[in-house]
Amino acid sequence: MAKSPYYLTTPIYYVNDRPHIGHAYTTLACDVLARFKRLDGHEVHFLTGTDEHGQKVEKSAQAAGKDPQTFTDEVSQNFRNLAEDMNYSNDDFIRTTEERHLKAAQAIWKAIQANGHIYLDSYAGWYSVRDEAFYAEGELTKGEDGQKLAPTGAEVEWVEEPSYFFDLSKWQEPLLKFYDENPDFIGPDTRRNEVVSFVAGGLKDLSISRTSFKWGIPVPDDTDHIMYVWLDALTNYLTAVGYPDEDNPDYSKFWPADLHMVGKDIVRFHAVYWPAFLMAAGLPLPKRVYAHGWLLNKGEKMSKSLGNVVLPEDLVSQYGLDPVRYYLLREVPFGNDGYISHETMVSRINSDLANDIGNLAQRSLSMIAKNCDGVIPTPGAFTDDDNALLSSAHAVLDDVRSQFDQQAFHRGLETLWKVVGDANRYVDAQAPWALRKTDPDRMATVLYVLAETIRHLGILIQPIMPDAAARMLDQLEIAPDARSFSHLGPDHALVAGTELPKPAPVFPRYVDEEAAD
RNA sequence: GGGCCCGUAGUUCAGCUGGUUAGAACGGACCGCUCAUAACGGUUAUGUCGCAGGUUCGAAUCCUGCCGGGCCUACCA
C-alpha cells in the first residue's frame, strides 16, 4: 500500500519579478503532479518559494527606500498570493532569507570546501558599471575611438575582485558519466542534448562569491564575501527537507528529490551546476530535472516592452480557475513552446469541458434524476458494451500515470478524454431515452454504467481541476474519503439506491460578450 | 562560426528502431438523434509528408546537400 515518498519542487522565483503566467505555469504543472501522486497513494512533499538575495533586490529595496528584508517580505507575498489564487497545494513555501536556509547554504559551502573543491583567487573581467554586468571578451565591440564597448553600447572597464571558486572543471567527466547512466535525468531530450554538449565542450571553474554587494548569505569564515546567488538559491531544495540535519525524518524520506521542475532558461543551473555542487558536497543527486517551454501570447514572446504579458489573475477572473488550469496543460504540449490565445481558450472550454465532459455528466445525471427517482439505479447483468466502457474507465489510470511521470500532461489529458468520448458514444448507442419505454431495467443498467464512468472521470480529473471534480463527485454522493485512486475500479463501485442531489452543470460554456448580444 | 531540434491535412500535432490505401483532435460540409449546457453520434473533404539527390525490392520514416524556423554556445536572476 505505502508507495515511495515523492518530492518535487518548482524553481524559487526571483522576488524582483511580478508573478506572471510563466510562474503560474511552472507551479501549476507541479501542483497537478503533486495532487496526482497524493491521490495515487504517495506521501508528497511539494515545495515552492522565493529567491530573495542578490544585487538587484538590494538596489530595488534601496530605490523603494526600504531595507532589503522589509522589501522582500512585501514582494514575496505576491508569490504566496499567486499560490492562493491558483489553488496550489504546496506543502511548504521557502524563502532564501529564512534562518533555516542560511544554515543550509553555509553548510553545503562548508561541505564542498571540506572536500577540497573551493579555492580563493580573483575574478577578473570586463565590467560595465552602467549595466552592472560582466562581459566576455568576444561579446565586446569597439567604439569610434577604440574604446571597448559592451553589446549594449556601455563602456566597460577591466575589473578584478577577490573571489572564491568552485572547481567545476573537474566535474566534466563525472557529470557526463552521470548523464549517461541516468538517461532520464534531464527532460525533454532536446534539453538533455544541449546540456550534454555544453558539458562535453568543457567546463571552467565557477566564481561562487562576490564582494561587490552585501545582500546575500555570507561565506562561512570570510564575511567579506557573499555566496554566489545560484549556490545559495539551489540549496533551497535541501533546506526544505531539513538539511544539514541529515537525521531529520524529512531528509531521509524525501532526499534526493524526485523532480525539479524548471523553465528552459535555467536548465544549466539545475542540470550542471547543481549536480556538480552536490557531488562535491558528497550528497545524493536528484532524480530528474524537467524543463518546460514558454507560453507565447499569440506567437509572440511575452515581455514588458511589448506590453503583452499575461497575468494569471486576469485569466482566472475571465475564464475561471479550473478551466484555466485545464487549458494551460491541455493546449500546449508540455516541454514545447506553445501559443495561448483567447480563441483556443474558448475552444477548449466549450468543446472539451462544457460539451464533452460537462454535458456527459449533465445528460446522464439528468436522466437518473428524472427516470430513476434521483437514486443510483440498480444495474442488471452487464453486456459486452457495458464492460467495454467500464474497463476503459478502469484501465485509464495506468496510461495517465506513465504519461504524467514523463511530464506529458497534454497526453495524459488526451488519454482521459478518450474515456469521455467512449462514454458519449455509449450514450448514443444505448439510447437510454428509448429504453425508458421499451426496457426500463436495461435503461437502469445503462445509467448505472454511465454514473460509474463519471465517478471514475471525476476522481481522475481531481489533480487538474480540484473544484470542478469535487462538484462532480458531490453530485454522485461520493464521500470525501472515497476519492483517491485506490477507489477506482469495481471494488468501490457506486451503491444502488444512493440518493443523489439535483444535478447542476459543472462546466458552463464560455460565451463572448459581443457574441452574446 | 560550432552544436542540437523542428518543418506532415485550414489549425495544433501524432506517426519517424523503413513495409498494406499517411492518422488524431479542432475547424468545414452533409446526415442522424433528441437524454443533455442548441450539447451528442455518424459520414466526409483537403495533404507534392519543406526542396533536391542518394541507399533500398520498398522511405514521411535512413544518408547527403539546400531552404525556412527555433534553441544552446557559462558565472543578471
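Sequence lines set the chain letters: A, B, ... in the order given, protein chains first and strands last, and positions in each chain run from 1. Keep in mind that the numbers below use all heavy atoms, side chains included, and drop hydrogens, waters and symmetry copies.
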Listed pairs, N/O of protein and of nucleotides 4-15 of chain B, under 3.5 Å:
unit_1 : atom_1 : unit_2    : atom_2 : d
rC4(B) : O2'    : Asn193(A) : ND2    : 3.4

Results of salt bridge (Lys or Arg N to Asp or Glu O under 4.0 Å) for Asp17(A) - residues two or more places apart only: none
Residue list, salt bridge (Lys or Arg N to Asp or Glu O under 4.0 Å) with Asp405(A), at least two apart or on another chain: Lys37(A)
Residues in ring-ring contact (aromatic ring centres under 6.0 Å, His included) contact with [X], at least two apart in sequence or another chain:
X         : result
Tyr290(A) : Phe334(A)
Tyr119(A) : Phe165(A)
His53(A)  : Trp215(A)

Listed once per pair and sorted, the salt bridge (charged side-chain N to carboxylate O under 4.0 Å, His left out) pairs that draw on residues 360-378 of chain A, sequence neighbours left out: Arg363(A)-Asp428(A)
Residue pairs involving residues 163-174 of chain A (criterion salt bridge (charged side-chain N to carboxylate O under 4.0 Å, His left out); sequence neighbours excluded): Asp167(A)-Lys170(A)
Pairs flagged by side-chain hydrogen bond (donor to acceptor under 3.5 Å, both in side chains) wherever residues 406-420 of chain A is involved - sequence neighbours left out: Arg288(A)-Gln407(A), Gln403(A)-Thr415(A)
Sugar-phosphate or base contact per nucleotide [nucleotides 37-43 of chain B; S, B, -; heavy atom under 4.0 Å]: B-SBSS-
Proximity to RNA chain B (any heavy atom under 4.0 Å), residues of residues 436-448 of chain A only: none
For Pro323(A), all residues meeting side-chain contact (heavy atoms from CB on, under 4.5 Å), sequence neighbours excluded: Ile349(A), Leu353(A)
